[in-house]
Q: 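One structure, pasted below without further comment.
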Amino acid sequence: MTNASNETLSQLITRRILSNPSARSRDRTVAILQLYRGEIEAALAEGCSVMALWRAMSADGRITSTYQSFRKCVNRFILGKPLPPRRRR
């Protein structure tokens, strides 16, 4: 179900996260990835590396997260890779 503006639930959540200055950094990164999901998937399919995507998106201000955070989110939410097991201390 969508709201009156035909916004999907995913779009609503993304908009709310991005408009909240106190949102967690990881949530902001995931929201931004959702906005550019199609472009990211296309670039990866064309052979671009995650590093190249992060550099380009960082350079033009689309994303402010660290490379490590961006890479983890791309792997998990775009590529569907499972999280690696946690290290024991």
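Everything numeric here is computed off the predicted structure, so don't read it as measured data. Note that the numbering runs from 1 along the sequence shown for the chain.
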Q: Taking S19 for its side chain and R16 for its backbone only, find out whether a donor-acceptor pair lies under 3.5 Å.
A: yes
Q: Which ILVMFWY residues can you reach from V30 by hopping between side chains whose heavy atoms are under 4.5 Å apart?
A: F77
Q: Restricting to non-hydrogen atoms, name the atom on R71 and the atom on V50 that form the minimum distance, rounded to 0.1 Å.
A: CA-CG1, 3.9 Å
Q: Heavy-atom count check: over 12 atoms from other residues, nucleotides or ligands less than 6.0 Å from R37 CZ?
A: yes
Q: Give a yes or no answer on whether the side chain of S69 reaches the backbone of S65 with a donor-acceptor pair at less than 3.5 Å.
A: no
Q: Should M51 and Y36 be regarded as members of a common hydrophobic cluster, given that ILVMFWY residues are connected when their side-chain heavy atoms come within less than 4.5 Å of each other, either directly or indirectly?
A: yes
Q: Sequence neighbours left out, what passes side chain to side chain donor-acceptor pair (under 3.5 Å) with R62? Give chain and number order.
A: E39, D60
Q: Just jot down the side-chain contact (heavy atoms from CB on, under 4.5 Å) partners of A23, sequence neighbours excluded, or say none.
A: I17, N20, R28
Q: Would I13 and I32 show up in the same hydrophobic cluster when neighbours are defined by side-chain heavy atoms closer than 4.5 Å?
A: no
Q: Rounded to the nearest 0.5 Å, how far apart are SG of C73 and CD of Q34?
A: 10.0 Å
Q: I'd like to check the side-chain contact (heavy atoms from CB on, under 4.5 Å) partners of L79; sequence neighbours left out, ordered by chain and number.
A: L44, V74, N75, K81
Q: Could you measure the distance from the CD1 atom of I78 to the CG atom of L33? Nearest 0.5 Å is fine.
A: 5.0 Å
Q: Checking L53 against F70 for the side-chain contact (heavy atoms from CB on, under 4.5 Å) test, could you report, in this order, the C-alpha distance in whole Å, the side-chain angles of both residues, the deciding distance, and whether it holds?
A: CA-CA 9 Å; L53 291 172; F70 181 78; 4.1 Å; yes
Q: Please enumerate all residues that pass side-chain contact (heavy atoms from CB on, under 4.5 Å) together with E46, with sequence neighbours excluded.
A: none
Q: List for me each residue that meets side chain to side chain donor-acceptor pair (under 3.5 Å) alongside T64, sequence neighbours excluded, and say none if there are none.
A: none
Q: Consider only side-chain N and O atoms of Q11 and T14, and report whether a donor and an acceptor are under 3.5 Å apart.
A: no
